[in-house]
Each structure stands twice: as structure tokens, then as C-alpha cells.
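Okay, structure first, notes after.
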Amino acid sequence: MLKRTDYCGELRAGHEGREVVLTGWVQRVRDIGQLVFVDVRDREGLAQVVFHADRHDLMEEAKRLRPEFVVGIGGTVRRRAAVNPDMPTGEVEVEASDLRVFAAAKVPPFVISDPPQASEELRLKYRYLDLRRPRMQRNIRLRHEAALVVRNYMSRNGFLEIETPILANPTPEGARDFLVPSRFHKGRFYALPQSPQQFKQTLMVSGFDRYFQIVRCFRDEALRADRQLEFTQIDIETSFIDRDDFFALNEGLMEALFALIGRRVERPFPRLPYSESMERFGTDKPDLRPPFEIRDLTAVAGETGSEPLRAALAAGGEIKGLLVPGAGSLSRGQLDKLGEKARELGAKGLAWIRRQGGWKSSLKMSDADLERIWGALGGAEVDLALLIADRKETALKALGEMRRTWPLEDPSRRDLLKFCWVTDFPLFEWSEEEKRFVSMHHPFTSPVEDDVPLLDTDPGKARAKAYDMVLNGVELGGGSIRIHDRTLQRRVFGALGLTEEETEGKFGYFLDALGYGAPPHGGIAFGFDRLVMFLAGEESIREVIPFPKTTGALDLMTGSPSNVGEDQLTELGLKLKK
RNA sequence: GGGGUCGUAGUUCAGCUGGUUAGAACGCCGGCCUGUCACGCCGGAGGUCGCGAGUUCGAGUCUCGUCGGCCCCGCCA
């Protein structure tokens, strides 16, 4: 057995004259007759190996090499006559004196190269080949390094990584559970955890004080570019917590993670209450890169003579405006397109104003009135004002979406890292489907003290001690200060419409635990895959997961999920319908 | 649950208002080539047009269904 001395991708001019042994996969063979060049690839990169005619036996063997053969090569590192500046190892090559073919390879269904020359479908079917691509090797390595940063950072800050069960209880709130039938107790089921929420809070009751875990979570919901059935969270919980200190801790974690890609992070992160985020950006995960935001024009518009605006006001609506810098030269067609988009987003219509070469607007209004609105928005000559008069939520949502998707006039803004905290979320939201309040975050989230009385009178108005960390319009993580008082926890369950029996059945042990001395505590959970995706500059979570499922929830490589035999079902006390 | 889009050599794609023998590039196979590095040159093989019905004298092309990929809405405490 040839024993490797160096990785292919690590050979440099300094290795000149050294006897080396390389192992790896054949990337490409260039046979030019009396001379054969073979590029050999391993996880660190490519190296060129050259076979000369004076070693006839070796060269004949080399001519039989094909892409993806696994080889070991012994030889001497030589400086190249003609340097290849496109290759990190381009200053040297290995003059072969030994060649071992460890394995031949079938012709691969696609060439291993970046960018991939195969559909994602094919890549997923032959994932083991796709993962050989340098880009995938880099992504998976980055994932490892990110996990290492998290573990080191958390441990340095006094946190213990503690494992929690994968076989847990179904939860009445939240996403659909993956169920696991119990063979010992037929008819009863475990559920895979949507998050270790109750366990980590229980660990706080047990006095572990500072917990974290890089942990797999499971949610049986539709898949997306940024969502998988199973995904990984950085789960964190601490006791006796000061919110400012906790925010700083998490900001420090981001600082450490983004240092992996050489990016500096501006701290502290700005904080904005949910209501402000909605008013200014029309979303609870604002992208702070675009340098413009939504303004309220309700008061100004009421003073104008515009019939449609006054009618919207009379109907209880509000008027919101978005001033888009430099967009004053849009064509009528483009403006019509925007109007159509606004209607798709649920607004009744979209009005616009611009002033290049005199006032122009879709609104019939006096110049004085236009001037008034323009002034309220602070518009300049080249800008474009967009107005929506509608129900407040509709107007904000539509303008927020326009803002979010507006192309940035300055491309360098795309590269900015704009973090923020969104705080004071509503505790509950009304579920039309279930005709009851449901937790916006989760049922263990503490209400803001002042709003506790609202639990009985007007639950929809109660605010929560919940927070999200948002980066460039992407939710990286969310958490809250938890309820550590048993009585308050019961009241919240009550407000959610859970009966005494349900509460006892699903959360009995937990309420009991809270009764034995629970410290004030809180925490957060980050989407680890999304973070790595951001670090890697990828558009899909599947690019940072070695073996992901398709959006149809299939594993194209293994064929999972699969059918099971009657025996196996019977043993579990299960019978398939139909 | 809903909407959009795609499916044609091994791969990535082209294929017009339905009409002769379904093309290109890359890859693959064979030959030549002593400094290549997307090597080059010459030659060759390779197709269930995802699958199933239907319309038609005739379907890769039109219709319906179905399977699969991707994106979005709902959903994702």
C-alpha cells in the first residue's frame, strides 16, 4: 500500500525535489502521445502528475486511466517549465515513478466540476459524486468549522453542551410532528422533537444554568429552498439572564462565525420593536440594507382634496407611502407593473407621484396637494413616491414587499451585513382556522409584565418578551424570556384555549417542575443550516447539507421513505388504511 | 391544499403555426500527437422525446391524467 505523504492540493514550490506519494481521484487525463499528464484530485485540490516515455510500463498504465479512477502515485516534485497561474499547485508537478490503481470507475453520469454541469435532480441522485466537487467539499468543511466556532465560543462563555432525547412527546402546538410508534406500548407514539424546548427549560430547573446544543430538529411541513424536514439548530438557554448581556453574547457568536469568512460585524445590533418594524418596513424581518422606508401619510393625505384618498380614510383605512430614491424615471409600463404587483399583494391599488419636469401623478390632485405629500416624504427631483390607501396591514404588507424586492441602486449595498433584533412581538395571534388564539412564538414565552392583565381582557394586545435576530431580511434565530412561574404558565395555557386535561396530559410534568423552584430563564435558537448557507454564499439550504431531501420530501439517492412489510407493522400494532 | 415552471442522446440544451431520416456542444469509444493544463486533430457509437391515455391521415410538438425536479402562496409554536 502506498502511504500518502501529502495532499494533492497542498503541493507548492517549496516541495521541489521531494519524494511524495499522492492519493486521490483522476480528474482528467491529457494524453499527448509520448507524454501523459494526469490531474489528481483530493479534498485539498488538484495536482498535475506527468508520465514520461522512458518509463514505458508506467506510461502504458497511465494511458488506461479514466476520470474518477482512484489512484496512488509516487514520484518527485519538480518545478514546471510553464507555470499554470490558475492552479494553486500550478508551479509544480509530480514526475511519476510509481502508479497504483486502487479502483477503476464507471463513466460518471456527470463531470465532477464547478459549477456543476448537471441538474439538481441528478446531483441528488448521485450525491456521493456531487459531494466530490470542490464547492461542496468547501461547504461541508465550512459547516464543520462553524460548528467548531460555536462549540468553542459557547464553552468559553461557560455553556455546557447537553444532549436531549430524540424520542420525545408529541406537542399540541406548532408544526406537524413526526410520529414514532412504540413497540412496547402499542397504540402510543413518541414524536421527534420540533425543538428541545421543554427539555432545555427543564435543564434550567435542574440548575445547569447555561446550556447549548447543536441539535437536529424535525418538522413535518412543506419544504422550501431554506427549509428541510430535519434541520439543525444552535439551541441556547440560560438562567438568571439579563437581556442586554444575552443579546451581547449572541452578537459575539455572530462576530465569531462571520470571522470565518473574514467579515466584520457591526455591534451592537440595532433593536426595534415589532410594531415599529411593521410600521417602517412592513415586515417582522426587515432588511436594513435598502436606504428607504415606509412613511405614514394618513394625516397629510386627509388634508388634500383627493377623492379616492378621502374615501379610503372614511372607510377606516390608512395611507402609507414609500419614497424610492432615484426611481423617478420609470416608464408608464413599469409603473403599471408595480400597480399589478400591489394588487397581487392584496392592495386595491397603487398610486404614484413624481416631479421630473413638472408634477406627474396617477392621483388627480392640485400641485399644492402633491407638493404637500412630496414634502412629507422628503422627496428629491429624481425620486418616485408610491402610495397605498387601504387597510393598514394591507398597505404596510404591500409596500414592505415592494421595498424588499426593489433592486438596490448601489450594488455594494448587497454585500452589507445588516443585523438587527426585533423585539416585543405579540404574545398571541388569532387563528382563523382554529378560531382561537395561538402562540406567536411558543406557549412558554413570557408576556411583558405590564401586559399580563390583558391575558383575561384582550389577549391579542399582549406583548411577549420574544425576540428574533434578523440579518438582511432573513430570520437567523428567535427566542424569548420564558415563563418561570407555574401560575402564569397555567394562565397562558388557559388563554390558548387548552383545557385542564390537555394541559395536564401534555405539560403536566413541566408545570410540576416549575413548582419546584424554577429560575428566571430564557434563550434562543438559531437555524444552523441557514447560517452556514449565508456564510457559504449559497441560495439553497441543500447546498450545505450533505444528504438533503427534495422539495417533494424524497431522498433521491436512498429512495427514502420506503414501504415496510406487514410483519413490521404488525409488531408495532399498526395497520395501513385501504 | 393551491399556483407557476421544467422533463428530448451519458450530460446541458435546440427542435417554428403538428408533417420526410429528431440536431448541437460536452462526455464516451478508437486512431495520431514529447510540455499539456477546457490539449489539439481525424473517425465512430449513442434516443422508450419521463410514463399512460386521447385528438388527428400523422404527435417530441395539441388535450387530459400521472410521476419527478425547482420556485412561490398556505403551512413552518
Side-chain angles (χ1 to χ4, degrees), chain A residues 27-40 46-54 59 63 66-68 78 80-87 89-90 93 95 106-126 129 170-177 193-195 197-198 217-229 231 344-346 401 405 425 427-429 431-434 437-445 464 466 475 478-480 482 492-493 496 498 506-507 525 527 530 539-540 542 548-554 556 559:
Chain A
Q27 177 70 36
R28 192 176 282 119
V29 180
R30 288 180 297 278
D31 177 354
I32 58 170
Q34 295 302 300
L35 211 52
V36 176
F37 297 95
V38 179
D39 292 339
V40 181
L46 286 178
Q48 174 169 290
V49 177
V50 61
F51 293 84
H52 289 282
D54 53 3
M59 209 179 67
K63 280 176 184 289
R66 292 292 178 272
E68 304 311 314
R78 304 277 188 222
R80 286 203 212 176
V83 167
N84 183 344
D86 298 329
M87 271 175 101
T89 61
E93 65 190 0
E95 194 180 304
K106 295 193 283 184
V107 175
F110 54 89
V111 177
I112 310 301
S113 69
D114 287 328
Q117 290 160 38
S119 66
E120 187 168 4
E121 193 172 359
L122 200 69
R123 290 175 52 205
L124 289 172
K125 183 173 174 191
Y126 296 95
L129 297 179
T171 45
E173 299 278 305
R176 291 185 188 88
D177 285 316
Q194 298 179 26
S195 84
Q197 186 60 34
Q198 284 172 70
C217 301
F218 306 85
R219 292 177 191 173
D220 190 5
E221 297 289 351
L223 296 90
R224 289 287 162 75
D226 61 350
R227 273 159 41 185
Q228 282 275 306
L229 299 179
F231 59 100
E344 277 167 19
L345 292 164
E401 191 58 20
T405 53
F425 280 81
L427 188 60
F428 304 123
E429 56 189 340
S431 166
E432 232 4 271
E433 211 169 305
E434 301 179 55
F437 283 105
V438 295
S439 293
M440 193 149 177
H441 184 50
H442 59 54
F444 313 105
T445 302
E475 181 193 329
S480 63
R482 325 297 185 190
V492 168
F493 284 144
L496 287 168
L498 296 178
K506 302 293 183 189
F507 305 110
R530 268 186 214 180
E539 299 288 328
S540 162
R542 295 184 296 273
K549 306 271 188 290
T550 65
T551 52
L554 295 173
L556 296 181

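Convention: sequence-line order gives letters A, B, ...; per-chain numbering from 1. Worth saying up front: this structure is predicted, and the values here are computed from it rather than measured.
With both ends at atom P, the span from B:rC33 to B:rA25 equals 26 Å, rounded to whole Å. Rounded to whole Å, the C1' atom of B:rG44 lies 43 Å from the corresponding atom of B:rG4. Rounded to a whole angstrom, the distance from the C1' atom of B:rC72 to that of B:rC29 is 45 Å. Straight-line distance between the P atoms of B:rG43 and B:rC49: roughly 30 Å, to the nearest whole Å. To the nearest whole angstrom, the two P atoms, one in B:rG58 and one in B:rG18, are 15 Å apart. Nucleotides B:rC26 and B:rG65 have their P atoms positioned 41 Å apart, rounded to a whole Å. Only the P atoms considered, B:rU8 is 15 Å distant from B:rC70, to the nearest whole Å. The same atom, P, is picked in B:rU12 and in B:rU66; the two are 26 Å apart, to the nearest Å.
Which of B:rC70, B:rU11, B:rU36 sits closest to the side chain of A:T551 comes down to B:rC70. Among the nucleotides B:rC37, B:rG69, B:rG74, the one closest to the side chain of A:A222 is B:rG74. The side chain of A:L122 has B:rU11 as its nearest neighbour among B:rG35, B:rC37, B:rU11. Here B:rC39 is the nucleotide among B:rC75, B:rG69, B:rC39 with the atom lying nearest to any side-chain atom of A:R30. The side chain of A:A118 lies closest to B:rU11 when the candidates are B:rU34, B:rU11, B:rG68. Listed nucleotides B:rC75, B:rG69, B:rG35 differ in distance to A:L554; the shortest reach to its side chain belongs to B:rG69. Nearest nucleotide to the A:L556 side chain, out of B:rG68, B:rU11, B:rG35: B:rG68. Closest to the side chain of A:R66, out of B:rC37, B:rC33, B:rG30, is B:rG30. Checked against B:rC37, B:rC29, B:rG27, the side chain of A:V111 finds its nearest nucleotide in B:rG27.
A:H52 places no side-chain N or O within 3.5 Å of a backbone atom of A:D54 that could act as its donor or acceptor partner.
Within a 6.0 Å radius of NZ in A:K549, more than 12 heavy atoms belonging to other residues, nucleotides or ligands are found.
With hydrogens and angles ignored, no donor-acceptor pair closer than 3.5 Å exists between the side chain of A:Q117 and the base of B:rG10. For B:rC70, the base has no donor-acceptor partner in the side chain of A:R224 [N/O atoms by modelled type, under 3.5 angstrom]. Side-chain to base pairing of A:R80 with B:rC37: one donor and one acceptor N or O lie within less than 3.5 Å of each other.
Under the Watson-Crick or G-U wobble criterion, with both distances below 3.5 Å, B:rG65 is paired with B:rC51. Nucleotide B:rA38 forms no Watson-Crick or G-U wobble pair with any nucleotide shown, as no partner meets the under 3.5 Å limit on both distances.
Distance, A:K125 NZ to B:rG50 C1': 12 Å, rounded to whole Å. In this structure, A:R123 places its CZ atom 12 Å from P of B:rU12, rounding to the nearest Å. Across the protein-nucleic acid pair, A:L124 atom CG and B:rC70 atom C1' stand 11 Å apart, rounded to whole Å.
Among the heavy atoms of the strands lying under 4.0 Å from A:E120 are primed sugar atoms or P, OP1, OP2 only; no base atom is included. Within the nucleic acid shown, A:F37 comes within 4.0 Å of at least one base atom, counting heavy atoms only. Residue-level contact check: A:D31 touches the bases, meaning some heavy atom is under 4.0 Å from a base atom. Among the atoms of the strands shown, only primed sugar atoms or phosphate atoms (P, OP1, OP2) are found under 4.0 Å from some heavy atom of A:S439. Within the 4.0 angstrom heavy-atom criterion, no nucleotide atom of any strand lies near A:T171. The residue A:P108 sits apart from the nucleic acid: no heavy atom pair falls under 4.0 Å.
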